[in-house]
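Start at 1 and go down the list; that is how both ligands and their atoms are numbered.
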Amino acid sequence: MAYTGDEDAAGVILDGLKKLEYRGYDSAGIATVSDNPGLTVKKGEGKIDELDTTYDFGSMTGTSGIGHTRWATHGGVSQANAHPHTSCDDRLVLVHNGIIENHKAIAERLEDDHSYTSDTDSEIIAHYLEEQLHHGVPIQDAIEQFMETADGTFAIVLLDTETDTLYALKRKSPLVLGEADHGIVLGSDLYAIAPYTDEALFFEDDEYAIIQDETFTLYDADGREQDPSFRPFDWDVEGAEKGSYDHYMLKEINEQPQAIKRLAHSLGSTQEKAREQLAQKIEDASRVIFTAAGSSYHASLMGVYHLQAAGIEAQALIASEFKNYERVDEDTLVIAVSQSGETMDVIEAIEYSKDRGGEVASIVNVPHSTIQRKSSVSLEICAGQEVCVASTKTFTNQVVTMLSLAATLRDEDHDIAAIGDEIAAVIEHNIDRVQTLASELEDADDIYVLGRGSTYPIAREIALKLKEIPYIHAEGMMGGELKHGTLALIEDGTPVISLIPTPDDPIESNVEEVEARGAHSIRVTPHGGQFDLEANEDHFALYATTIGFLLSYYIAKAKDLPIDKPRNLAKSVTVT
Ligand code: M6R
């Protein structure tokens with residue numbers, strides 16, 4: 001996050017960092033520059049609010065500044081490794097997202113007298129540029145040389161304290177600029193700049209900007225001036241507040257009904273053409289491959305299930321493994337599924353596919369995100385901002401989008417808006433039951449979740465939530481696979497959650513297998529069991545998902561864990 005303008009920079013940056021904190025929250029820092037005292041850098045380990053209490057960021061003076069909230073890659077979590085990083089002479093100070101892969105090679109080529117204060121790859125950028133300046137290279141040339149020299153990914157904002165100028169550089173990691181009434185704001189995504197503007201300039205790879213006196217100029221890597229193209233966006237800033245909920249996760253679970261209705265409306269109106277285009281591309285392609293990570297991969301598995309049911313051969317591949325398994329040609333359609341639209345593993349899979357002539361479509365939540373901009377057609381899931389690291393309403397809307405696509409392919413109507421009311425009822429009727437179960441499972445070390453067919457991806461998704469939020473080892477698996485090994489782990493009292501859409505579902509035999517071994521058997525079903533669910537087989541998977549979300553939430557709450565910001569994780573994973 002960066003700002004230069006008329007206002008106190010620290011206030012604008014602090015506000016932006018709070019909005020960006022979901023991207024990483026192990027350490028943070030802010031640097032500002034003013035006539036007196038000049039450069040001030042405050043940074044440390046911990047979350048923004050804690051650091052603000054310690055450092056009183058608002059007391060930092062100056063109308064230009066930069067800030068960063070970190071998710072550690074190179075170098076552990078420490079004050080020294082927190083950004084911003086400075087050059088030895090304190091003239092340059094910078095923040096960086098991404099990884100400079102050849103940072104060691106660059107360091108070896110620099111003179112010996114640099115004094116390094118961190119273990120990060122990022123710090124090398126300040127020393128490299130400083131050395132160029134000492135050799136009389138103009139700063140703009142030094143930046144272009146750096147972009148030529150550096151391997152890896154970066155969104156960098158550099159503040160030259162001598163000239164009060166910001167330099168913003170981008171390769172692969174997202175970077176966005178907005179013009180506020182009172183200055184220029186830069187951030188890693190729309191959320192950070194949304195309070196100040198409704199138009200955003202998304203940097204393309206290897207572009208950089210020089211920002212001074214509230215104006216900016218955009219260049220390509222060879223220093224040729226570019227025409228900036230601003231894209232309008234509409235983002236509900238108020239909607240991103242926690243309101244009366246204790247945690248964003250619970251708020252976002254409860255927002256599923258309205259998010260589904262918004263999506264249903266959009267797919268039938270503003271996105272109708274894109275939906276039909278995507279369905280046509282799916283029909284025309286000789287191979288359809290979903291690629292995604294985490295929860296979005298589970299939603300992709302649902303896509304495979306529903307497309308197969310609609311007569312389309314499809315497969316889903318974890319994005320980070322895409323190149324190890326995939327052969328893509330001109331007749332291949334790759335559908336990238338991503339909430340953030342910024343997951344680097346997915347972006348790399350897209351680039352690999354495009355290099356081989358494949359067409360790329362996407363299903364994203366964040367408009368204008370990198371993945372959407374790289375797609376020939378893109379559907380937005382209209383879930384609104386999701387702040388909790390764990391995907392909930394966005395997973396649901398990804399799955400609803402798959403249902404809608406499958407219905408389009410079958411040329412059928414599917415009243416997907418109705419799922420909103422059904423999920424509202426699931427929440428209302430089961431909240432007490434889930435809390436009771438959560439207190440029973442609070443001390444569990446392992447939980448197994450069984451599904452088959454359309455509930456297999458949901459079993460995986462519930463298990464991911466149980467790992468991510470209450471930190472319980474959980475496995476989501478196909479019920480039929482249990483007897484091929486995992487059954488050895490089921491003993492007296494082992495919790496096993498079975499997702500049972502119909503009374504005659506084959507999963508019942510797996511339930512019997514675990515019950516015979518003394519498992520603590522939890523049956524999620526509309527036919528008996530401990531939950532109150534409607535017997536709608538088509539939507540059962542989403543009811544079960546909601547039970548799983550609530551269960552993960554209430555176990556974590558009982559354990560007093562940091563639900564919205566679980567340890568070691570970040571919401572938008574922009575490194576590989
Ligand atoms: O933004 P994306 O959908 O591409 O993110 C993919 C995963 O990082 C994400 O789904 C992650 O697994 C969630 N934290 C799960 O709750």
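Side chain of T574 to backbone of M344: no donor-acceptor contact under 3.5 angstrom is found.
Considering backbone and side-chain N/O atoms, S340 comes within less than 3.5 Å of an N/O atom of ligand 1. In terms of polar-atom proximity, defined here as any N/O pair under 3.5 Å, V389 does make such a contact with ligand 1.
In the model, S378 has a side-chain atom that pairs as donor or acceptor with a side-chain atom of Q372 under 3.5 Å.
Residues forming a ring-ring contact (aromatic ring centres under 6.0 Å, His included) with H429 (at least two apart in sequence, or on another chain): none. For the ring-ring contact (aromatic ring centres under 6.0 Å, His included) test, no residue two or more places apart in sequence or in another chain qualifies with F203.
The protein heavy atom nearest to atom 8 (O) of ligand 1 is V573 CG2, 4.3 Å. Here the protein heavy atom with the shortest distance to atom 7 (C) of ligand 1 is A293 O, 3.7 Å. E468 OE2, 2.4 Å is the protein heavy atom nearest to atom 14 (N) of ligand 1. When only non-hydrogen protein atoms are considered, atom 5 (O) of ligand 1 lies nearest to T343 OG1, 3.5 Å.
The S296 neighbourhood of ligand 1 comprises atoms 2 (P), 3 (O), 10 (O), with distances under 4.0 Å to a heavy atom of that residue. Residue-ligand proximity, Q339 to ligand 1, at heavy-atom distances under 4.0 Å covers atoms 1 (O), 2 (P), 3 (O), 4 (O). Residue K465 has at least one heavy-atom neighbour below 4.0 Å for each of these atoms of ligand 1: 15 (C), 16 (O). The atoms of ligand 1 that sit less than 4.0 Å from any heavy atom of S391 are 10 (O), 13 (C), 15 (C), 16 (O).
To the nearest 0.5 angstrom, I260 atom CD1 is 6.5 Å from L542 atom CG.
Ring-centre distance between F290 and Y297: not below the 6.0 Å cut-off.
A tilted orientation is assigned to the rings of H96 and F154, their planes being inclined by 30° to 60°.
The option from A336, A319, S552, S295 that lies nearest to atom 10 (O) of ligand 1, judged by heavy atoms, is S295.
Using a 4.0 Å cut-off between charged nitrogen and carboxylate oxygen, K172 and E351 count as a salt-bridge pair.
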